[in-house]
Amino acid sequence: MKPGFEAVIGLEIHVQLLTKSKMFCACRNGYGGASNAHTCPVCLGLPGALPVLNREAVRMALLLGLALEAHIQPRSIFYRKQYFYPDLPKGYQITQGPVAVVEEGHITIPGDPAVRGNADPVRIRIERAHLEEDAGKSNHELSDKATYVDLNRAGVPLLEIVGGPDLRSANEAYDYLKALHRLVVFLGICDGNMEEGSFRCDANVSVRPKGDKAFGTRVEVKNLNSFRNVKQAIEFETYRHIAMLEKGEAFTQETRGWDADKGETKSQRTKEAAMDYRFFPEPDLPALTITAEEIEATRRTLPELPEARRGRLIHDYGLTDYEAGMLLQTRAFADYFEAVAKASNGKQAANWMLGEVSRTLNDTGREIETLNLASAQLAELIQLVEAKTINLNTAKEAVFPALLMGEGTAREIVEKRGLAQVSDRHAIETLVLEVIRAHPEQLVQLKAGNEKLKGFFVGQVMKAGKGKVNPQLVNEILEAAFAK
Ligand code: ADP
Ligand code: MG
Ligand code: ZN
């Protein structure tokens, strides 16, 4: 940040809820499928069709509200937000009014030392999270004469999370977005897929002279469909504002779109052209009421939250902050890790999860839930390495792939394939002797001071032992031989 200026950022996040059916009808809620296959008179907006609220969406909103330590409003009302667009068949979106089901929550992120002077945790307010329905999708690319409309997404439940103007840099916005993303995925209320639009973000950005109490004029940047885009767009806007402030240029509140290819934002509409949505209460839906019992019942289903779990993983398994963060990418991933760690060794389990397991998931496009490897099997493999029955290399190169192929348990594979590590001192001494005899010149050079050749000898012995010899023993015995 340029000295003398301060950025003020607030994010609005749209979270698609992982309910089975849509917000106000029984149509399937899911990405993909033939265009308009998942529609009915309600989500097509046919006259006379009546909406019925999906209580599962309410439960999910409550879960988030509780996780954010927010106030849950016992009574809130749905409104109609009117605008005309081909993918909005009713001509209005049903959303919540001035009172939202979730209000005044907060989430804690590390502060950005570049703008705050230290990384102390900062509390970011959540102004509100309200329930609403998604619109359909317009496709302008299929034809240059027509717009095609797919209403499978029309009526899908959304939770819009409005964050307070408490973020002070693009880095903080990024961390905040990550924290909320992790939270909704952890709670199992969203699949978190930004590319498919299940987790979308608009960024409000303004800049003010440092020390000013009043906020500067803000812009709202739309179409930020990746974490990277959010960060880049905010950085871009911050610099643009500062340049204008320095030149004394006046600017107005507006909506801008992020062009990821060009790496810049473009004006879409100014405040003067802002729409009048003619909000009014939705007459076809009763008020949403939530009882204290319902809140308590939901509270009992709240899982251990990511931040608390991160601290526990670090403490219980001796992990770094980074490792714990990576393991917490989803609840299932962290659960799998803990199952392996409890049956083997925490540090090794973390290495396997972030190494071979992650690589396998990436390569196969699978999730940990569908990985065909029981956590107990990975634990057994780690134990075999710990017990020095096999070395780490054999575990990674031979046993792990065989486990994935379903060739049996780790122990069975080691036995069947004869992979057990040779830890027999006598056998290794014989190998060492053979290797030294076969390379007299290298031995002379080594004795003359070429230390690099030690690696060469280790390599030759490992090779002679077909990779199965205990590397520590090889080193030890070689050193002893050289000392003679
Ligand atoms: P709307 O987008 O409907 O106008 P609000 O005025 O409530 O709604 O603002 C929405 C978002 O804009 C919130 O996330 C809030 O934190 C953020 N925001 C409000 N004022 C500013 C500002 N001056 N600079 C940056 N963000 C702001
Ligand atoms: Mg807005
Ligand atoms: Zn429907």
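Whatever order the structure lists ligands and atoms in, that order sets their numbers, starting from 1. These numbers come from the heavy atoms of this one structure, side chains and all, not from hydrogens, waters or symmetry mates. Keep in mind that what you see is a predicted model, and the values were worked out from it rather than measured.
The pair Glu172-Arg116 meets the salt-bridge criterion, since a charged nitrogen lies less than 4.0 angstrom from a carboxylate oxygen.
Heavy-atom proximity to atom 9 (O) of ligand 1, evaluated over Glu237, Arg218, Glu12, Arg128, is greatest for Arg218.
With ligand atoms numbered from 1 in the order given, ligand 1 contributes 22 (C), 23 (N), 24 (N), 25 (C) to contacts under 4.0 Å with heavy atoms of Ser206. Within ligand 1, the atoms closer than 4.0 Å to a non-hydrogen atom of Glu220 are 2 (O), numbered from 1 in the order shown. Here is the list of ligand 1 atoms found below 4.0 Å of a heavy atom in Gly164: 16 (O). Residue Val8 has at least one heavy-atom neighbour below 4.0 Å for each of these atoms of ligand 1: 24 (N), 25 (C). Remark: ligand 1 atoms within the under-4.0 Å shell around heavy atoms of Gly163 are 13 (C), 14 (O), 15 (C), 16 (O). Set against the non-hydrogen atoms of Gly216, the atoms of ligand 1 under 4.0 Å away are 23 (N). In the vicinity of Phe215, heavy-atom distances shorter than 4.0 Å reach the ligand 1 atoms 23 (N). Which parts of ligand 1 touch Gly10 is read off a 4.0 Å heavy-atom cut-off, strictly below it: atoms 14 (O), 16 (O), 26 (N).
Residue Val162 places no N or O, backbone or side chain, under 3.5 Å from any N or O of ligand 1. Considering backbone and side-chain atoms alike, Val205 places every N or O at 3.5 Å or more from each N or O of ligand 1.
Ile9 CD1 to Thr238 OG1: the interatomic distance, rounded to the nearest 0.5 Å, is 5.0 Å. Separating the CG atom in Asp150 from the NE2 atom in His38 is a distance of 9.0 Å, to the nearest 0.5 Å.
Note: Phe5 and His241 fail the aromatic proximity criterion, with ring centroids not under 6.0 Å apart.
A donor-acceptor contact closer than 3.5 angstrom is absent between the side chains of Ser344 and Glu386.
Note: Tyr277 and Tyr83 have perpendicular aromatic rings, judged against thresholds of 30 and 60 degrees for the angle between ring planes.
With hydrogens and angles disregarded, no donor-acceptor distance shorter than 3.5 Å links the side chain of Glu56 to the backbone of Thr19.
For the pair Lys396 and Phe400, the NZ or CZ position fails the cation-pi test of under 6.0 Å to the six-membered ring centre and within 45 degrees of the ring normal.
Contact annotation: Cys43 places an N, O or S atom under 2.8 Å from the Zn ion (ligand 3).
Angle SG(Cys25) to the Zn ion (ligand 3) to SG(Cys27), rounded to 10°: 110°.
Qualifying ring-ring contact (aromatic ring centres under 6.0 Å, His included) partners for Tyr79, counting only residues two or more places apart in sequence or in other chains: none.
Residue-level proximity to ligand 1 for Leu11 is carried by the backbone, the only part with a heavy atom below 4.0 angstrom.
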